[in-house]
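Scroll down for the structure; my scribbles are underneath it.
Read the numbers this way: they start at 1 and go in the same order the structure lists the ligands and their atoms.
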Amino acid sequence: MKKILIKNAVAIVATNTKLNAVDSLKLREGSFDISNNSMIIADNKIEKIGKNLICEDADEVIDAKGMVVYPGLVCTHHHLMQCFARNIPASQNMELFEWLRIIFEVLSKVDPAFMYYSMMVSGGELLKYGCTTLFDHQYSYPREQCIELADEQFRGADELGIRYIIGRGVITRSTAEGGTAPATIVEDLDHALKTIPQVVEKYNDKKPFAMHGAVVAPCSPFTVNEDTMIETVKLARALGARLHTHLCETLDEEKFCLEKYGMRPLAWMQKTGCIGSDTWYAHGIHFNDEELKILAETKTGIAHCPISNMKLSSGVCRVPEMIKLGVPLSLAVDGSGSNDGSDMLEELRTSFLVHRLTSSYDAPTGAQLLNMATIGGAHILGIDSYTGSLEEGKAADLFMLKVDDLDNVGAYDDPVAMLATVGYKRPAALTMVNGEIVVRNGKLTRIDEEKMSAKATEFYKTVRYTR
Ligand SMILES: [Zn+2]
């Protein structure tokens with residue numbers, strides 16, 4: 001058995017409650033215990049958390065002097081491929097529908113290499129900024145592609161060492177049918193129904209501590225047809241996979257649903273069956289009071305993506321009300337085209353600021369946002385029994401930040417709130433996933449970052465937006 005001792009930390013941000021993720025989120029002071037300074041890791045699990053622990057048979061001793069140890073961040077909504085569609089001048093002053101038309105021009109070029117390099121770029125950045133579990137919503141599988149794309153994304157994830165859950169997306173509604181997707185990215189429904197099981201059966205590992213997972217993720221109300229939503233939902237449930245889609249991101253989407261389906265977006269989700277404790281939506285901004293109650297009653301989750309929502313002028317998610325009602329909440333970066341990066345630490349800070357601006361006294365606290373970004377995300381992904389918090393017996397998914405330098409003087413007295421209230425703007429000193437050190441001194445340990453950056457840049461030149 002391989003053992004690692006982490007000692008002398010400023011604090012270990014462990015969990016001190018047996019409350020579930022949704023109930024602990026209601027605690028404004030948080031549910032963290034920062035009284036310990038050391039931790040023993042045995043293989044992939046946290047064996048012990050305590051004060052001044054000794055481990056004489058440790059294979060490695062990590063001196064965490066001047067560092068805080070946090071639970072690994074969980075990103076519940078991303079589009080890795082957008083890393084090759086960011087900072088496009090033509091897309092900078094747009095809202096979602098017109099912006100998507102430009103982004104899809106790039107993403108319709110998807111092939112196995114596109115999947116691999118986008119994982120190495122965005123997955124690598126996520127790890128460097130403390131994210132240990134990633135859910136990626138891969139929009140679509142055009143031109144009869146499927147498993148070969150998923151294989152490349154998992155190959156990249158395994159090379160990096162990130163815990164990875166794929167969202168097998170589906171787009172069946174083209175611009176000709178009133179959607180936003182060009183015909184080049186649209187997939188035939190029969191192909192989707194035939195190939196979704198290949199991805200789910202190969203990658204949806206439900207064993208504890210699994211590094212792989214798969215979710216069925218029809219793209220959004222305006223990129224699929226009603227039969228696509230109904231059939232993919234049925235298929236997901238038959239396969240025992242969770243469900244994910246975009247919902248209530250913009251008022252344009254609401255208008256689209258009223259015109260095409262004769263009902264509001266959440267009513268359409270109820271009609272098509274895409275709702276429940278096995279389901280979560282990206283964004284979830286434009287819900288009315290009654291709909292918020294339905295989310296809480298059905299235990300349907302939300303991936304809050306504040307930077308993307310600000311950039312695309314989509315609106316502000318009603319996080320304070322959702323917390324009070326008990327809606328399962330998580331944090332996510334969304335794709336790099338609307339972020340324009342993959343830094344969950346930046347997302348935490350931004351979320352704090354936007355809710356302070358719009359909700360003042362009711363805004364979530366730093367502790368609540370850290371909860372959302374960790375155990376909240378793990379709960380929504382159905383993996384909170386083994387990750388999302390630093391607790392004995394759980395996976396060693398964590399990151400360490402150096403805080404004893406000039407720019408953090410005075411800030412780390414409250415290390416729990418600090419990530420949201422002060423922010424942390426550099427890569428992690430160390431990131432560990434399932435007991436493996438994947439970032440050290442701010443650099444990925446398993447790949448040569450400079451070489452990968454050069455290769456990914458060469459690839460980017462072959463797919464970038466040129467019009
Ligand atoms: Zn999205």
query: Which residues and atoms, protein N, O or S only, are under 2.8 Å from the Zn ion (ligand 1)?
result: H77 NE2, H79 NE2, H246 NE2, D334 OD1
message: Exactly one of T300, T232, V216 should register a side chain to side chain contact (heavy atoms under 4.5 Å, CB included) with L243. Which one does?
response: V216
- prompt: Can we call the ring centroids of H78 and H137 under 6.0 Å apart?
  reply: no
task: Identify, with sequence neighbours excluded, every residue that meets side chain to side chain donor-acceptor pair (under 3.5 Å) alongside E226.
output: W268, K271
query: Going from CG on D397 to CZ on F209, what distance comes out if it is rounded to the nearest 0.5 angstrom?
result: 9.0 Å
- prompt: Should the pair E450-K443 be classified as a salt bridge under the 4.0 Å nitrogen-to-oxygen rule?
  reply: yes
query: Side chains of E249 and N309: donor-acceptor distance under 3.5 Å anywhere?
result: no
